[in-house]
Amino acid sequence: MFCCFSFFSKMKTDLELALECAINIYHQYAIKNPRDDYLSKSEFTQLMKETAKTFLTNTVPVRAELFKETDLNKDKELSFEEFTIVLSKVADDAHRIIHGENRCKPESN
Ligand SMILES: [Ca+2]
């Protein structure tokens with residue numbers, strides 16, 4: 001007999017699917033050049049251009065500043081933990097867009 005409860009309990013929630021998608025996108029770009037588990041500046045720039053163009057601003061200097069401010073240990077690559085800072089900024093920007101509020105501004109130094 002088919003049991004609906006066990007079928008649905010194995011389904012991922014929307015948040016679980018969204019997190020899995022973010023991890024997959026990170027890995028998809030981190031393995032480009034060099035093939036590792038970190039985002040180089042060029043991999044990060046390509047990721048932002050291709051997957052997050054609606055969010056933040058689309059100018060290259062802003063992406064460079066975003067990379068610089070989220071590279072916490074200043075090793076010129078973003079670990080997944082550092083990339084989660086970018087995700088939080090993109091999520092905040094998306095939330096502001098949904099509510100019709102002012103867009104996120106890059107932090108000034
Ligand atoms: Ca880093």
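These figures come from a predicted structure and were not determined experimentally. Numbers here simply count residues along the sequence, with the first being 1. Counting convention: from 1, in listed order, for ligands and their atoms alike.
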Of the non-hydrogen atoms in Ile23 and Phe80, which two are nearest, and what is the gap between them?
-> CG1-CZ, 3.6 Å
Anything under 30° is parallel, anything over 60° is perpendicular, the rest tilted; go ahead and classify His95 against His99.
-> perpendicular
So which of the N, O or S atoms of Asp71 lies nearest the Ca ion (ligand 1)?
-> OD1
Donor-acceptor under 3.5 Å (Glu43 side chain, Leu78 main chain) = no
For the Ca ion (ligand 1), what is the closest N, O or S atom on Asp75?
-> OD1
Has Tyr38 got an N/O/S atom less than 3.0 Å from the Ca ion (ligand 1)?
-> no
Closest heavy-atom pair, Asp37 versus Tyr26, reported as atoms and distance to 0.1 Å, is O-OH, 2.6 Å
Name of whichever N/O/S atom of Glu82 is nearest to the Ca ion (ligand 1) | OE1
Glu81 CD: over 12 foreign heavy atoms closer than 6.0 Å | no
Do you know which N/O/S atom name in Glu77 is closest to the Ca ion (ligand 1)?
-> O
